[in-house]
Amino acid sequence: MIPANFNYHKASSVSEAIALSQELGEEAKYMSGGHSLLPMMKLRFATPEHIIDISKIDGLSYIKEEGDMLKIGALTTQTEMEHNALLKEKYPILGDAIWLTADPSVRNVGTIGGNIAHGDAANDQPALMLAMRATVVAEGADGTKSIPIDDFFHGFYMTALEPSDVLVEIQIPKAKKGSGGAYHKVERKVGDYATAGVAVYVELDVDGVCQEIGIGLTNVSAVPMRLERGEALLRGQKITDELISEVGQVASEDCEPESDLRGSEAYKRSIVNTITKRMLNKALERARQ
Amino acid sequence: MAKHTITMTINGESVSAEVDSRLLLVHFIRENLDLTGTHIGCDTSNCGACTILLDGKSIKSCTYLAVRADGAAITTIEGLAAEGTNHPLQQAFHDQHGLHCGFCTPGMILRSVDLLKNNPNPTEEEIRWGISGNLCRCTGYNNIVKSVQQAAKEMQNQSESV
Amino acid sequence: MFKCKTSAEVGGMGHSVKRKEDARFLHGKGNYVDDVKLPGQLTMVMVRSPYAYAKIKSINKEKALAIPGVLAVITGEDLAQYNLHWMPTLLSDTQMVLPTDTVMHQSQEVCAVIATDRYIAVDGAEAVEVDYEPMQAIVDPFKALDSDAPLLRPDKEGQEDNQIYHWERGDRAKTDEVIANADVVVKERIYLPRIHVASIETCGCVASYDKDTQKLLVYLTTQAPHAIRTVVALVAGHVGLSEEKIRIISPDIGGGFGGKVPVYPAYVVAIAATFLIGKPVKWIEDRSENLVNGFARDYHMDCELAATKEGKIQAFKVSTLADHGYTDSSANPSKYPTGMFSICTGSYDYEHAFAELDAVYTNKAPGGVAYRCSFRVTEAVHAIERMVDKLAAKIEKDPALLRLENFIKKEQFPYDSPLGWSYDSGDYEATLKKAMDMIGYDNYKQEQAEKRAQGKLMGIGICTFTEVVGAGPSKDFDILGIAMFDSAEIRVHPTGKALARFGTKSQGQGHETTYAQILAEELGIPYTDIEIDEGDTDTAPYGLGTYASRSTPTAGAAAAIAARKLKDKGKKIAAYLLEVSEEDIEWEVGKYFVKGAPEKSKTIQDVAFAAYTNIPPGMEPGFEATHYYDPPNLTFPNGAYICVVEVEQETGAIDVKRFVAIDDCGNIINPMIVEGQVHGGLTQGIAPAMYEGIEYDDEGNVLNGTLMDYLVPTAVESPHWETGHTITPSPHHPLGAKGVAESPTVGAPPAIANAIIDALAPLGIKHLDIPITPAKVWEAIQAHK
Ligand SMILES: Cc1cc2nc3c(=O)[nH]c(=O)nc-3n(C[C@H](O)[C@H](O)[C@H](O)COP(=O)(O)OP(=O)(O)OC[C@H]3O[C@@H](n4cnc5c(N)ncnc54)[C@H](O)[C@@H]3O)c2cc1C
Ligand code: FES
Ligand code: FES
């Protein structure tokens, strides 16, 4: 399996990348890890005329807390996130997801920016970003923009990014005391894309009342999906087992899976119900620690 | 189509070449450099037979453009240990019967190098997850796990005695 | 237990010596087909059909030929000029090399593009324009037999419907009668789905024809190089490729498992291409081509098992529908179109059985390979072992006890089975009891009772199988008429080191080590002093190759007997050197000595040297021997496997907690290698049991033709296997060995299926076909609510 011909260009800075992209037009694609794009090119599902390699741009690989934000540079690889002490300590939800993403060699190359920019509901990061209410920071021809994650995913492989926009950073509200998150997906075997996945991020006040809640679903809709009805049920409430059951039920009703090799629609709805409940419990446990 | 001149270190030696944009690193290694220990087992980045070390990290060279390896240091199975010697992992795969047909073996070993670098003393479960991007159809994995365990011990002994 | 006769240095039977072949693989110096690079070599890529059934209206080569570097596009019409567009299959059917008018399955070869390199060849294949007229494919094998089904093979004279053949064994009337009158009868339709061997190396070849010498050299991923040479000569003899001009080299093989026995059309096209162009042509299959072409299993089996109410088995009947795709290219011995399926009566002692099978054509890829099993034994064992468990469930008897009560007893061997096999040896009771002890069967039974009381789903599954391997006695077994013997040729050099060549071909089984150990055992020459060579038809003796666990039973036996011939000759030389008569010479591993005077001795090395330097008058010089071994019977390895699982009711998730495999493969040559073979086979057993199966849609499109969706287990899915042995030597094999590599692939799927179904029994679930996935379990649970 071999990709169709294209021209390779290397960008050494974000501005050079943008300039190249503008010059080469719509048939140019950015490549960071290339672990979503190149497999599609090998199968000739994607045939871009130009590839602009942005992986060598300095300064886009970092994980830090700054102000009230956790900031992750777009080129940070999944392996770097896996081994990062800050994430391990304060954001275990990211570790949950990365451990279940692809395999270690893929994670050595695949980037968080690419995982999100790909706009694929089968990828694991989008649901997390929804749950954690991330903001996507991109630079384009007309400067820097911050895109709330809820405005980011537009359709199958379609996002709010203009062709020449470079996703540079992910911003996530800093973990507060009393917050916790968890992610799990059911997969047919290790390294598989999700049959269904659920990310939950919850913030409790001292009385254990839910101040903020985010629930994102993986691979059960055409576009990465937020479970709005479930969130509304929990926000401002003391979370009980009954409520958790109810949200699980709501999740199974609101998700939009299709029957395929991974299982029937009914099976997937049932899985979403189960994982939603389990991840709510796990996130709560972490929040209470 | 555009040609690119690339330079990289392969197994400690510097090589330069002109390559097409679309040339995959695995083909560059196998066909341009005749290092055929790196294998191809799939089209979808699933099998890991093509695993090499790029700047010390295991990657699937079938899913990497040769031109992007410009400036990198690459280790393939041929360069893991000096001629006539064994890396502890090579020795362990031999001792523990961690290979049958040998087709997955170079990839398994290079992946395990990276695994042990990040986790010098892995549990059986961590080893199994750590090599989950590398398929073996022959061994049933029991002895591969044992091989990695033996190598982990040996490498720890070595580093303690240094 | 087996006692080693040789020292560890000599490394004869029973020693876990390290493998001699490892070094090259560990250092990246293996030589697989894709590593071969001949001067001027071209690359071939196949254009394949997107449709399962279509007329080809036209093939336009122009755009492809316009690409610089594309040298040729070869179509069926081109081959038809040489009458090379069809070839015979191993079972006397016919298969297209390239089609002239119709494609019969998705991904069938349509034409070939030859170019100067891989990248250009792929572009060329993309540029070929083929105009198809799709037709309604027959995907369901049951519909293939409908009276209004279109005739798929009108090209075959006398073929009036889509049935390929009907086969049967046993006494139908008597079996029906016993079943009709039995206290208890259990029935089930069991499907063993289409799967693929999915060796990590795909198939491929490098064909090189030299116009001056008129010699054809082919490097080929084949498990049977000699047979392939003969087939090529039969297919292409009329264009001048006669057998002495053909050399097949099977280099290092990255896993075979039966998938590298058939002759794939692209091999023939590559040979035609080099013949026409005069330059070497390489073809390497990509993974999707690999997964979508060729298959194993695909048997729909209607089973009935009859017993007394106490659980004494009385009769077994199985009627099978076999989906062969558009041609019957099963790699079976000629007289056994269904392979050894009639081993389906299993490890139990009863009198009446009947098995029948109808094979049909559909619009699917041909194949029917013996995937790590001796020709349809996996299907047979699955049928009987599932049915025995069903019987146990029905009469509420412990499945272990039911088996123990029905086993063929140790004293009954050799045992004539109801469908005509003569089982050589076994101690089924000891083997099952060993497995039960090792896993702690009674404790698990108790734990299961407790868990069930708490509403938890836990299952224990047993499989006690009997295999039949080592084809075979040549009076019964042949492939394309060639008797299924195998061969060994030993040359001991003057310095006492040896070279031995075989008609088989290792694909990871470790022949370079185990054959050397057999010779070390027989001759006392250290295994490290013996080189093993296989796979080159110009140098190796003729043999039928390595599949169906036949290497140890046949070539291993040939090695032992050839070595014994040498030993006899050596005895004469020793007598001469020691100046005594031959009757006064005795042998102990590695040396001859004078009876009663052990200090007077000559080593095998002394004798070898003398064979070239100081031979007795009148004796032929040299120290070489060859043997072609024609086994008197097959061997019958057996085993007892026990699996414990837990199933989560809410999600259907399955957790394999333990798996114990006790194998009886007779005497063991290298315990380390045998254990490794068992591990590997077990993972290839859990694969179809829980993960793998080729899926088709109604149009005949394969839905999971990549390793993304064809779920080969990783180290995480593969449990930590626990293994052990009992040893009942084969009475008729010169080494008492039986062959092992396939038992686990055969035995594991029913053990796992039985365990999962046992776990689900409290919910009223009585059967599930493999692969049993969490999704399937979940659906079954819903259906039983
Ligand atoms: C075998 C295999 C299994 C996998 N399994 C999983 C899995 O289970 N879960 C999962 O989540 N992922 C999985 N992946 C995908 C993997 O995580 C990818 O690496 C990741 O999704 C994409 O990251 P990348 O850096 O490789 O992106 P690329 O492939 O480089 O890019 C993906 C897309 O995003 C665009 N893009 C990339 N970076 C930017 C940027 N900074 N700005 C703007 N646009 C950009 C590209 O143009 C392209 O369209 C798997 C991949 C493989 C090969
Ligand atoms: S060849 Fe399979 S992952 Fe690279
Ligand atoms: S040893 Fe054959 S694939 Fe691993």
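Below, chains carry the letters A, B, ... as their sequence lines are ordered, and counting in each starts from 1.
Closest approach of C:S718 and B:G140 over heavy atoms only: OG-O, 3.3 Å. Looking at every heavy atom in both residues, C:Y32 comes nearest to B:F103 through OH-N, 3.3 Å. Summarising the geometry of B:S132 relative to C:V716, their closest heavy-atom pair is CB-CG2, 4.1 Å, with the distance given to 0.1 Å. Of all non-hydrogen atoms in B:C47 and C:L707, the two that sit nearest each other are CB-CD1, 4.1 Å. Of all the heavy atoms in B:D95 and C:K18, the pair that sits closest is O-CE, 3.2 Å. The two atoms that bring C:R118 and B:H27 nearest to each other are CD-NE2, 3.6 Å, heavy atoms only.
The number of heavy-atom neighbours closer than 6.0 Å to CD of B:E13, taken from other residues, nucleotides and ligands shown, is 12 or below. More than 12 non-hydrogen atoms from other residues, nucleotides or ligands lie less than 6.0 angstrom from NZ of B:K117.
Distance OG1/B:T36 to CG/C:N31: 7.0 Å, rounded to 0.5 Å. Atom CZ of B:F93 and atom CG of C:L26 lie 8.5 Å apart (nearest 0.5 Å). Note that SG of B:C136 is 7.0 Å distant from CD1 of C:I200, once rounded to the nearest 0.5 Å. One finds the NE2 atom of C:H679 at 5.5 Å from the CG atom of B:N143 (value rounded to the nearest 0.5 Å). For the atom pair C:F257 CZ and B:C101 SG, the distance stands at 6.5 Å (nearest 0.5 Å). How far NE2 of C:H27 is from OG1 of B:T105: 12.0 Å, rounded to the nearest 0.5 Å.
Residue-level contacts of residues 504-515 of chain C with chain B, in order of numbering, are C:Q507, C:G508; threshold 4.5 Å between heavy atoms.
No other option in C:E675, C:M672, C:K29 has as many heavy-atom pairs under 4.5 Å with chain B as C:M672. The candidate from C:I284, C:T683, C:D22 with the greatest count of non-hydrogen atom pairs under 4.5 Å with chain B is C:D22. The most heavy-atom pairs under 4.5 Å with chain B, out of C:P719, C:G681, C:A687, come from C:P719. Chain B forms the most heavy-atom pairs under 4.5 Å with one residue out of C:D286, C:T706, C:I686, and that residue is C:D286. Most heavy-atom pairs under 4.5 Å with chain C, from the set B:G37, B:S45, B:G41: that is B:G41. Note on B:N86, B:N142, B:T38: by heavy-atom pairs under 4.5 Å with chain C, the leading option is B:N142.
A 4.5 Å side-chain heavy-atom check between C:F25 and B:I77 finds every atom pair outside the cut-off. Within the 4.5 Å cutoff, the side chain of C:E201 has no heavy atoms near those of the B:H39 side chain. Proximity of B:R30 to C:D34: side-chain heavy atoms (C-beta onward) are separated by under 4.5 Å at one or more points. The shortest side-chain heavy-atom distance between C:I673 and B:H100 does not fall under the 4.5 Å cut-off.
Contact annotation for C:Y119: both backbone and side-chain heavy atoms come within less than 4.5 Å of a heavy atom of chain B. Proximity to chain C (any heavy atom under 4.5 Å) is shown, for B:E125, by neither the backbone nor the side chain. When heavy atoms are compared at a cutoff of 4.5 Å, C:D35 approaches chain B by way of both its backbone and its side chain. Only the backbone of B:T139 comes within contact range of chain C, with heavy atoms under 4.5 Å apart. With a 4.5 angstrom heavy-atom cutoff, B:Q96 does not touch chain C via any of its atoms. For a residue to count as touching a neighbouring chain, one of its non-hydrogen atoms must lie under 4.5 Å from one of that chain's; by this rule B:I131 touches chain C with the side chain only. Proximity to chain B is absent for every atom of C:V678, based on heavy atoms less than 4.5 angstrom apart. For a residue to count as touching a neighbouring chain, one of its non-hydrogen atoms must lie under 4.5 Å from one of that chain's; by this rule C:S288 touches chain B with backbone and side chain alike. For C:E717, no part lies under 4.5 angstrom from a heavy atom of chain B. Contacts between B:H94 and chain C at a heavy-atom distance below 4.5 Å involve backbone atoms as well as side-chain atoms. Heavy atoms of B:L80 lying under 4.5 Å from chain C are absent altogether. Interface remark: B:L24 contributes backbone and side-chain atoms alike to the contact with chain C (heavy atom separation under 4.5 Å). Within the 4.5 angstrom heavy-atom criterion, atoms from both the backbone and the side chain of B:L23 approach chain C. No part of B:N134 comes within reach of chain C, as not one of its non-hydrogen atoms sits under 4.5 angstrom from that chain.
Residue pairs satisfying the salt bridge (Lys or Arg N to Asp or Glu O under 4.0 Å) criterion with at least one member in residues 43-61 of chain B, sequence neighbours excluded, are listed as follows: A:D103-B:K60.
Of the charged side-chain nitrogens involved, at least one lies within less than 4.0 Å of a carboxylate oxygen, so that C:E692 and B:R137 count as a salt-bridged pair.
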